[in-house]
Amino acid sequence: MQNNDDREALDVFWMQRAIELAKLAESRGEVPVGAVLVKDDQIIGEGYNSPISESDPTAHAEIRALRDAAQRMGNYRLLNTSLYVTLEPCLMCVGAIVHARIAEVVFGASEPKTGAAGSVFDVLTSPAHNHNVALRGGVMADECAMLLTEFFQKRRVKADQ
């Protein structure tokens, strides 16, 4: 059984990879959100936001990580996995997370406008579902939030020019 220090260290380790993916999204003109799906201390799926470049409103980091993992695993059920994502998931993403039977979601920054993991909606821990997802938020929250803040500040400056 892991102690809290080990759990926190692993959370930071995997969140750092999600942040790398978020930066990749940003370098491509996308909102900087990254996601990593982990099973047995191995990455089985990764994704970053790409709805603009893919002309696909469902191409959120979480969805892309789930799709990647499902292809690699040959199964849409992704049991006993942990999803690390830099931003609190939206309603669409938490729906997919529940259907995939993800065991836990660990996110960085809260999303006060559309967050569906406690900020606006609380879908993942709802007793209405036949599958509940463990949830931890705030892992590297400042770093994750800063990526988004800086991205949107740069966009506003460009729009004003």
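A quick note: this is a predicted structure, and the numbers were derived from the prediction, not measured. Values below: every heavy atom of this structure, side chains too, minus hydrogens, waters and symmetry copies.
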I19 and V36: same hydrophobic cluster, using ILVMFWY side-chain contacts below 4.5 Å? yes
Result block: side-chain N/O donor-acceptor pairs under 3.5 angstrom for residues 98-106, not counting sequence neighbours:
| from | atom 1 | to | atom 2 | distance (Å) |
| --- | --- | --- | --- | --- |
| R101 | NH1 | V98 | O | 3.0 |
| E104 | OE1 | R136 | NH1 | 2.6 |
| E104 | OE2 | S82 | OG | 2.5 |

Measuring only between side-chain heavy atoms, which start at C-beta, is N49 closer than 4.5 Å to P32? no
Residues which pass side-chain contact (heavy atoms from CB on, under 4.5 Å) with A109, listed by chain and number, not counting sequence neighbours: L87, C144, A145
For V120, what residues pass the side-chain contact (heavy atoms from CB on, under 4.5 Å) criterion, not counting sequence neighbours? none
Counting only heavy atoms from other residues, nucleotides and ligands, does the tally under 6.0 Å from NZ of K23 exceed 12? no
Rounded to the nearest 0.5 Å, how far apart are CG of L135 and CG of D122? 7.0 Å
Quick one: salt bridge (Lys or Arg N to Asp or Glu O under 4.0 Å) partners of E54, sequence neighbours excluded? R64
Are M140 and I43 connected, step by step, through hydrophobic side chains (Ile, Leu, Val, Met, Phe, Trp, Tyr) whose heavy atoms are closer than 4.5 Å? yes
Write down the atom of A22, the atom of G34, and the distance for their closest heavy-atom approach. CB-N, 3.5 Å
According to a hydrophobic-cluster definition based on side-chain heavy atoms being under 4.5 Å apart (Ile, Leu, Val, Met, Phe, Trp, Tyr only), do Y48 and V139 belong together? yes
Is there a side-chain contact between S53 and R28 in this structure, where contact means two heavy atoms from C-beta onward sitting under 4.5 Å apart? no
In terms of heavy-atom contacts, L37 and A69 come closest through CD2-CB, 3.5 Å
Excluding sequence neighbours, so at least two apart, what forms side-chain contact (heavy atoms from CB on, under 4.5 Å) with A116? L91, V94, F121, V123
Any chance you could lay out the side chain to side chain contact (heavy atoms under 4.5 Å, CB included) test for M73 and L78, step after step, and finish with the verdict? CA-CA 8 Å; M73 304 303 290; L78 301 167; 4.2 Å; yes
Could you tell me which non-hydrogen atom of S119 sits nearest to which non-hydrogen atom of P112, and how far apart they are? CB-CA, 4.2 Å
Close side-chain approach of D142 and M146, heavy atoms under 4.5 Å: no
Least distance between heavy atoms, P57 atom then P51 atom: CA-CB, 4.3 Å
For a quick test of reading the model, state the closest non-hydrogen atom pair linking Y84 to D11 and the distance between them. OH-OD1, 3.1 Å
Sequence-distant partners of T149, side chain to side chain donor-acceptor pair (under 3.5 Å), two or more places apart: none
Considering only residues two or more places apart or on different chains, which pairs with a residue in residues 68-78 satisfy side-chain hydrogen bond (donor to acceptor under 3.5 Å, both in side chains)? D68-R72
Hey, does E62 have a side-chain heavy atom less than 4.5 Å from the side chain of L83? yes
List in chain and number order the residues that pass salt bridge (Lys or Arg N to Asp or Glu O under 4.0 Å) with D56, two or more places apart in sequence or in another chain; answer none if no residue qualifies. R67
Would you confirm whether S126, through its side chain, and A128, through its main-chain N or O, come within 3.5 Å as a donor-acceptor pair? yes
Closest heavy-atom contact between V85 and M15? O-CE, 3.5 Å
Close side-chain approach of L10 to D41, heavy-atom, < 4.5 Å: yes
If hydrophobic clusters are built from ILVMFWY residues whose side chains come within less than 4.5 Å, do L79 and V38 share one? no
Pairing residues for T114 by the side-chain contact (heavy atoms from CB on, under 4.5 Å) criterion, not counting sequence neighbours: E111
With sequence neighbours excluded, tell me which residues meet salt bridge (Lys or Arg N to Asp or Glu O under 4.0 Å) with K154. E26
Suppose we screen for salt bridge (Lys or Arg N to Asp or Glu O under 4.0 Å). Which residues come up paired with E46, at least two apart in sequence or across chains? R17
Considering residues, nucleotides and ligands other than F13, do more than 12 of their heavy atoms fall under 6.0 Å from its CZ? no
Determine yes or no for a side-chain-to-main-chain donor-acceptor pair under 3.5 angstrom, with E30 supplying the side chain and I52 the backbone. yes
Given a cutoff of under 4.5 Å between side-chain heavy atoms of I, L, V, M, F, W and Y, with clusters grown through shared members, what are the other residues clustered with M92? I63
Identify whether W14 and I97 are in the same connected component of the hydrophobic contact network (ILVMFWY, side-chain heavy atoms under 4.5 Å). no
